[in-house]
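These notes concern the structure reproduced below.
Numbered from 1 within each chain, the chains take letters A, B, ... in sequence-line order. Predicted model only: the values in this text are computed from it and were never measured.
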Amino acid sequence: MAETPVGIPRDLIALRVARELRAGMVVNLGIGLPTQVANHLEPGVDVLFQAENGILGYGAILDEDFDPDVINAGGQPVALREGASFFDSADSFAMIRGGHVDVAVLGGLQVSARGDLANWSVPERGGGSIGGAMDLAVGARRLIVAMEHRTRDGAPRIVRECAYPLTAPACVDLIVTDLAVIEVTPGGLVLREVAPGVTAGEVQAVTEPAVEISPDLAEMQLSVNMPPAS
Amino acid sequence: MVAEVFATPDEAIADVPDGASIMFGGFVSAGTPSNLILALQRLGTRGHTAIANNIGLGDKLDELCEDFQLAHVIATFAIRASSGRGSRFEEQYRAGDVTLELVPQGTFAERIRAGGAGLGGVLTPTGLGTVVAEHKPEMEIDGERYLLERPLRADYAFLKAYRADRLGNLEYRAAGRNFNPLMATAAETVIAEVEEIVEPGEIDPERVGTPAVYVDRVVRCDPIEVRWDG
């Protein structure tokens, strides 16, 4: 392989995803990398985080004072914001499937050129965990996938066709990786932003389908001296 | 019929036979009937179908695998797609000792709700175009495609609530609701472990999460902490 581009660390992927969120949005964060998005909200951007286990309006992840009944979908204890509410799982998925969640952020194993997502099963491992992912992929108004651009072995995760079992077809709107921000459009993938020091050519070299370069191609804005969201 | 109050979890579940299907409320640590699960482990019955959101996430359900008590599991979250620590369930699944049906979480909730509400199934877009849709009828309603998912019922439901009164009214706290109120409607015999049993009238009718009509047995137990550290 030629020069391997060096991408941004995972917490900066989360920070870049957080820039997509606007005040007043209802947002569901998937397990893993997406969970970190909550720590990177800009001051004044108040969003309502929905956890599919039955909380709307949770805040920071807590290290102590563990209350087993106040957790996010990853099982982590969380603080409650003023205005929070609790509900059962049928209500929770009425919110999700019924189109009441503005943005979902999910991790990904593979995303195809037309926005198919695979994120719940690796065939070699067998089994898997669907959790809320299929409902979120179908029901959220906008789906952002946050993931590493390549596998640990260097293979592209953005592929022509997903080889892994699908979460949902044609559901992804935006892909944010350590190397790039790529929008899924009806005409195909459009490269919007590159990580600092990374070129469009380097992104294309590790992306299986052809990526159209946006005329407004920009470098990711990653100011890191942001105070953590409360 | 009003509920019967039992002195110990062992007595509350003593009539569960080999091969019974059992719903278990809970989401990782929240609203999980760990005392009833451990009583089932002591009872030692086998061949059960377990219907639960998750297994193998630090939950006591995984301990039912120790003596091969589970034959089939219906769950949304069972084996992590990414590498991670394995569970006893995962070992037995790979060895072919237990079978698994993975269900999207919103579909899981609605199938149980349908089972408890006398409905013949659920039409959902979740799972279309994925392995979840295999061998299931699809229907078009007002121009949208849906998957027909069948109702879920069980012989027993094991629930966890915060408080019960002697009639069997249940009060939940925080995100301890999750699947408990749904499962309360969908099993022949419904058994709830609670932290406190009070006299009728002590739970404000506005705070009753599951009305007494659904609950057959209650037992007071000190909660057992379940924690998932990923």
Heavy-atom closest pair (B:E110 atom, A:A90 atom, distance to 0.1 Å) is OE2-CB, 3.7 Å

Closest heavy-atom pair, B:R177 versus A:F87, reported as atoms and distance to 0.1 Å, is CD-C, 3.9 Å

If you tally heavy-atom pairs under 4.5 Å between each of A:N53, A:L166, A:V138 and chain B, the highest tally belongs to A:N53

Checked B:A78, B:A174, B:A75 vs chain A; the most non-hydrogen pairs under 4.5 Å come from B:A174

One option among A:V70, A:I71, A:I55 has the most heavy-atom pairs under 4.5 Å with chain B, and it is A:I71

Quick check: are there more than 12 heavy atoms from other residues, nucleotides or ligands sitting under 6.0 Å from CZ of B:R150? no

Honestly, the part of B:L182 sitting under 4.5 Å from a heavy atom of chain A is side chain

Under 3.5 Å, sequence neighbours excluded: what are the donor-acceptor pairs made by side chains of residues 122-133 of chain B?
{"from": "B:T124", "atom 1": "OG1", "to": "B:T126", "atom 2": "N", "distance (Å)": "3.1"}
{"from": "B:T124", "atom 1": "OG1", "to": "B:T126", "atom 2": "OG1", "distance (Å)": "3.3"}
{"from": "B:T126", "atom 1": "OG1", "to": "A:D135", "atom 2": "OD1", "distance (Å)": "2.8"}
{"from": "B:T130", "atom 1": "OG1", "to": "B:G127", "atom 2": "O", "distance (Å)": "2.7"}
{"from": "B:T130", "atom 1": "OG1", "to": "B:V132", "atom 2": "N", "distance (Å)": "3.1"}

Max heavy-atom pairs within cutoff under 4.5 Å with chain A, candidates B:G26, B:G31, B:A30, B:P181, goes to B:A30

Output for pair (A:S129 OG, B:N53 CG), nearest 0.5 Å, gives 9.5 Å

Scored by heavy-atom pairs under 4.5 Å with chain B, the best of A:G139, A:G127, A:G54, A:A137 is A:G127

So, the part of B:T32 with a heavy atom under 4.5 Å from chain A: the answer is neither

One option among B:T107, B:N180, B:I112, B:L102 has the most heavy-atom pairs under 4.5 Å with chain A, and it is B:L102

When you compare the side chain of B:F27 with that of A:S89, does any pair of heavy atoms fall below 4.5 Å?
no

**Asked** If you draw a 6.0 Å radius around CD in A:E124, do more than 12 non-hydrogen atoms from other residues or ligands fall strictly inside?
**Response** yes

Note: B:G106 and A:R97 closest approach over all heavy atoms is O-NH2, 3.0 Å

So, the part of A:D116 with a heavy atom under 4.5 Å from chain B: the answer is neither

Does the salt bridge (charged side-chain N to carboxylate O under 4.0 Å, His left out) test come out yes or no for A:D88 and B:R113, once each step is laid out?
CA-CA 11 Å; A:D88 69 34; B:R113 211 184 63 78; over 6 Å; no

Output for pair (B:Y162 OH, A:D69 CG), nearest 0.5 Å, gives 10.5 Å

Cut-off 4.5 Å, heavy atoms of chain B, and the answer for A:S85 is neither

Applying a strict 4.5 Å limit to non-hydrogen atoms, the region of B:Y93 in contact with chain A is side chain

**Item:** CZ (A:R141) with more than 12 external heavy atoms under 6.0 Å
**Value:** no

Of the listed B:G176, B:A109, B:P223, B:A175, the one with the largest count of heavy-atom pairs under 4.5 Å with chain A is B:A175

CG of A:D63: more than 12 outside heavy atoms within 6.0 angstrom? no

Taken to the nearest 0.5 Å, the spacing of B:N178 CG from A:F86 CZ works out to 12.0 Å

